[in-house]
Amino acid sequence: MTAYSFTHTPATPMPAEQREALLADPGFGDIFTEHMVSITWTREAGWHDAEVLPYGPIPMDPASSVLHYGQEIFEGLKAYRRADGSIVTFRPEANARRLNQSATRLALPEIPEDLFVQAVHELVTADRDWVPSGFDQSLYLRPFMIADESFLGVRAAQRARFMVIASPAGPYFSGGVKPVSIWLSQTLARAGHGGTGAAKCGGNYAASLAPQNEAAENGCQQVLFTDTATEDTIDELGGMNMFLVRADGTLLTPKLNGNILDGITRRSLIQLAKDRGHSVEERAVTVSEWRAGVADGSIIEAFACGTAAVITPIGQLKSTDFTIDFGDKAPGELTMSLREELTGIQTGAREDRHNWLDVIVAAEA
Ligand SMILES: *Cc1c(COP(=O)(O)O)cnc(C)c1O
C-alpha cells in the first residue's frame, strides 16, 4: 500500500470509564469517536491536506454546493474487534471502488483506492479504543465526500472534501433478530432508469423518507421499492438489497439493473451461498412471483441485507391491496444460517477463505 502522509492532531482523550460507559450500549449512529479524517481536493491541486484531527464541526460556507445541489456520496463499513485482540474491516477496497463509481455519477472527483483504505486505517488506529468488543458490536465507519466550493452556479465539483467519521454500534436488533414487515411503495420511488439509484448518495435517502413515513403509518419497518416502469419488478429496500429463497434452495435476487445499489453484503452472500452449492439467480424478480410462490409453497424465505443490519429476515410484505405473509415460518433457516456464517467470518469465529478481511490492528501476542 502506498503510504500517504497524514498530519495528526490528537484529541484530548476521554477518561476510560466514560468511554466504557458509552460503549456498553452504544445504539446505532448516536455517538462518535474522538477523531475524524479530512482530505481536501481541488481541481488544480488534486487530493491534499490529509489529516486526522479531533472530531467536531466543520467550517462551511453557506454557499457550499453540497447544501444547494446535493453533491454528496457516502459509504458504510464496520471494524470488528476479535477475540484475539485484532481489529479488522471487511472488504474495504470494495467500498473504495464503489465510492468512486458514485463519484463519477455525481460529478465528484475519484479518490485513489489506497488513499481511501489508508484513511480508514488511520482513523481506526487513532480510535482503536473505541472499537467495542461485545456481542454483535462493531465500529461503524462512515466515509463520505461533499462538493464544498462556495458557488451557486451548477457544475461539476471544483473543490471537494473527503471525510471519515466513526460511530460505535450495538446489535441492530435489540432483543435478537426479528422478522420485519415491509411496505410496498406504489406511488413513490427512490430511483428511476438513468437516475442515481446505483450511486450511494444522500439524495436517494432523502427520496426514501416520505415512503418510509408511509410504511410506518402502515405498521411496517421498511419500504420495498419496485421498478417504476413495471411497478412489479423488485428493486430493493431504502438501504438494503433483497433476496427470496425457494423451497429447492435456490436464491433469487434482483440483478444490478442500474436502479439498485451493488451491495457488498449482497455480493458476499451470493458467494457464500454458491460455495454451499446453492444456485443463485440474479435476474428480474417480481412481487407477483413472490406472492404466487408463497401461495403455492415454492418460496419459503425472504430477507434483506446490508452492512448495518447484516441480514434482516422479512416476515411480511404489505401493500394497499394484499399482504404476503410467512407467518411463524420467519425467520427462515437459510436466512439465519447465512447470517451466522457471514458474521462468523467478520468476527473470526469462521475461516476467512475468500480473504475478505483487512487487518488494521494485529492480534495481541
Ligand atoms: C448501502 C446500501 C445497501 C447495502 O450495501 P452494503 O454494501 O451491503 O452495505 C443497499 N442498498 C442501498 C440503497 C444502500 O445505500
Side-chain angles (χ1 to χ4, degrees), residues 28-29 70 72-80 89-103 105-106 113 116-117 120 138-145 164 166-167 169 172 180 182 185 188-192 195-212 215 221-228 234-243 251 253-273 280 282 285 302-312 314 335 338-339 341-343 345-346 354 356-358:
F28 187 87
E72 188 267 356
I73 56 176
F74 65 95
E75 277 300 324
L77 70 164
K78 286 173 169 174
Y80 309 88
T89 56
F90 186 74
R91 309 184 78 174
E93 67 297 332
N95 293 94
R97 207 169 310 132
R98 188 172 65 189
L99 184 84
N100 282 337
Q101 284 159 3
S102 302
R105 181 63 185 83
L106 274 87
E113 285 173 24
F116 175 107
V117 173
V120 166
S138 59
L139 183 64
Y140 184 79
L141 300 161
R142 169 53 58 86
F144 64 99
M145 194 195 296
V164 190
S167 177
Y172 200 82
V180 295
I182 63 176
S185 183
L188 303 173
R190 70 175 275 286
T196 55
K200 204 169 176 75
C201 64
N204 291 342
Y205 278 73
S208 76
L209 295 176
Q212 182 66 42
Q221 291 85 25
Q222 293 284 334
V223 184
L224 177 68
F225 293 100
T226 50
D227 184 299
T228 48
I234 296 171
D235 275 346
E236 60 170 325
L237 275 59
M240 286 188 269
N241 296 115
M242 245 222 68
F243 283 83
L251 283 98
T253 193
K255 65 167 188 242
L256 302 176
N257 60 2
N259 288 357
I260 69 172
L261 201 83
D262 180 359
I264 296 159
T265 316
R266 172 187 180 279
R267 228 191 286 165
S268 306
L269 291 171
I270 290 173
Q271 182 66 54
L272 294 179
V280 181
E282 291 181 67
V285 180
F303 63 85
C305 67
T307 297
V310 194
I311 283 185
T312 307
I314 296 170
T335 299
L338 285 172
R339 185 178 209 282
E341 182 172 6
L342 183 58
T343 54
I345 293 170
Q346 290 163 338
H354 292 289
W356 282 337
L357 300 181
D358 180 33

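Note that the coordinates shown come from a computational prediction; the quantities given were computed from them, not determined experimentally. What you see below is based on every heavy atom in this structure, not just the backbone, and it leaves out hydrogens, waters and symmetry mates. One-based numbering, in listed order, for ligands and for the atoms of each.
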* Judged by atom type as modelled, is there a donor-acceptor pair below 3.5 Å linking the side chain of N241 to the main-chain atoms of T265? -> no

* Asked: In chain order, what residues pass the ring pair (Phe, Tyr, Trp, His ring centres under 6.0 Å) check against F90, with sequence neighbours excluded?
  -> W356

* **Listed partners of E93 passing salt bridge (charged side-chain N to carboxylate O under 4.0 Å, His left out), at least two apart** => none

* Asked: How would you list, by chain and number, every residue that makes a salt bridge (charged side-chain N to carboxylate O under 4.0 Å, His left out) with R91, sequence neighbours excluded?
  -> none

* **Side-chain heavy atoms of I314 within contact of L224, under 4.5 Å** => no

* Protein residues near ligand 1, heavy-atom distance below 4.0 Å? -> R98, R190, K200, Y205, E236, G238, G239, M240, N241, L261, G263, I264, T265, G306, T307

* How long is the gap from CD on Q212 to CG on L188, to the nearest 0.5 Å? -> 12.0 Å

